[in-house]
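Here the structure is laid out as structure tokens; the discussion comes afterwards.
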Amino acid sequence: MKQSYLAKHVATLKPSGIRKFFDIVATMDDVISLGIGEPDFITPQPILDAGIQSLQDGKTHYTSNFGTLELRRALGKHLHGLYGTSYDPESEIVVTVGVSEALYLALTAILNPGEEVLVPSPCFVSYPSEVTLAGGVPIEIPTYADDGFMPQPDALEAAITERTKAILIGYPNNPTGAVAQREIMLKVASIAEQHDLIVISDEIYDQLVYDAEHVCFPTLPGMRRRTILIGGFSKNYAMTGWRIGYACAPADILVGLLRVHQYTIMSAPTTAQHAAQVALRDGAPHVAEMRAEYDRRRKLIVSGLNHLGLTTIEPQGAFYAFPSIAATGMDDETFAERLLDEEKVAVVPGSAFGPGGGGHVRCSYATAYEKIEEALRRMSSFMQRHG
Ligand SMILES: Cc1ncc(COP(=O)(O)O)c(C=O)c1O
């Protein structure tokens, strides 16, 4: 018998640091979880109704591999309205099973075995593993709180080899809440241009930005032709369970993504596509309402954490705060384990998000205001003992 039937590149994938931790949380009572990476809101009613209606109308079949033309047209218009992009709905947009699939398609479509992808770290847990699954090699480049967790153009450039194929970025960022600064993104763009790299830009949190501007990467000079823009409905519209997202790219790149999608997925869920179309048409006031509530919680948690001596840079996007836990002298895993054990507050160790995340923990504010208040009270007792 073979030692393992698993392919080597799969067998070597590490289990997600988040899952491991939350398997423990699930066995405990009275835990306040700041570990959640999804909206606590239920999908807004008009979007729910559209999904239900679609089922009742008997729309239970496959759609075009690309996704329905109506949704792609709505997406093209939506992105044009927000950012001035111009993607042809007929050939430059594919509807996917969440950003997760869009990411998989993008990486699988562009990577030859052994090609490298630069990934600023800390980052969404799936990025490095998805690069590995697609046959590539993730090169994680640390970012730092002192620089607002922005990618460091010099460090990116220094990591480029003849095998580098792409840069994978995600702003607003999970786990830091950092929002892309235009000057830095222009520098990233110029590196991509100079070294002929593709940029995969995950903009899933694009509408969850507070007092800041969202820079849509393909709108930077020269970037449209080398960017795969991926985005979705999970976070902006509180639709994680619907599994719906999209990828946009010039037709000669998109055709590669479509091939992979065609043979692995066929088409994104039909019900979710109809619901997503209504999200784009009627969702804006609901998004604004949820954003205002996240903003209120953001102010509470950031000032609360800083007050406790857990230094937190102001996150301008998504729904995460990423405090430094240096004041406790603990490493991030010990901090998270002890906080859970002693005060029943769950946060995610920053190192789960890559080498750049060490010494920090991720606190999600996609949870009720009152629960955040209680979590801060419990953290205050913890800090009195350990600060
Ligand atoms: C940055 C980022 N990208 C992608 C995803 C996955 O999104 P989806 O639900 O659309 O697959 C997440 C989910 O946490 C995320 O934080």
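Positions are given from 1, in the same order as the sequence printed here. For the numbers below, each heavy atom of this structure counts, side chains included, while hydrogens, waters and symmetry mates do not. Just so you know, ligand 1 is whichever comes first in the structure, and atom 1 is the first atom listed for that ligand.
- Salt bridge annotation for Lys235-Glu38: absent, with no cationic side-chain nitrogen under 4.0 angstrom from a carboxylate oxygen.
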Polar pairs, ligand 1 vs protein, N/O only, below 3.5 Å.
{"from": "ligand 1", "atom 1": "3 (N)", "to": "Asp202", "atom 2": "OD2", "distance (Å)": "2.6"}
{"from": "ligand 1", "atom 1": "9 (O)", "to": "Ser234", "atom 2": "OG", "distance (Å)": "2.7"}
{"from": "ligand 1", "atom 1": "9 (O)", "to": "Arg243", "atom 2": "NH1", "distance (Å)": "2.8"}
{"from": "ligand 1", "atom 1": "10 (O)", "to": "Val99", "atom 2": "N", "distance (Å)": "2.7"}
{"from": "ligand 1", "atom 1": "10 (O)", "to": "Ser234", "atom 2": "OG", "distance (Å)": "3.3"}
{"from": "ligand 1", "atom 1": "11 (O)", "to": "Val99", "atom 2": "N", "distance (Å)": "3.3"}
{"from": "ligand 1", "atom 1": "11 (O)", "to": "Ser100", "atom 2": "N", "distance (Å)": "3.0"}
{"from": "ligand 1", "atom 1": "11 (O)", "to": "Ser100", "atom 2": "OG", "distance (Å)": "2.6"}
{"from": "ligand 1", "atom 1": "11 (O)", "to": "Arg243", "atom 2": "NH2", "distance (Å)": "2.8"}
{"from": "ligand 1", "atom 1": "14 (O)", "to": "Lys235", "atom 2": "NZ", "distance (Å)": "2.5"}
{"from": "ligand 1", "atom 1": "16 (O)", "to": "Asn174", "atom 2": "ND2", "distance (Å)": "2.8"}
{"from": "ligand 1", "atom 1": "16 (O)", "to": "Tyr205", "atom 2": "OH", "distance (Å)": "2.8"}

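- With a 6.0 Å cutoff to the six-membered ring centre and a 45° limit on the axis angle, Arg291 does not count as a cation-pi contact of Tyr210.
- Looking at every heavy atom in both residues, Pro355 comes nearest to Glu140 through CD-OE1, 3.1 Å.
- A salt bridge does not link Arg377 with Glu373: none of the charged nitrogens is closer than 4.0 Å to a carboxylate oxygen.
- For Asp295, the side-chain hydrogen bond (donor to acceptor under 3.5 Å, both in side chains) criterion is met by Arg298, Lys299, not counting sequence neighbours.
- Salt-bridge formation is detected for the pair Arg226/Asp196: a Lys NZ or Arg NE/NH1/NH2 atom is positioned less than 4.0 Å from an Asp or Glu carboxylate oxygen.
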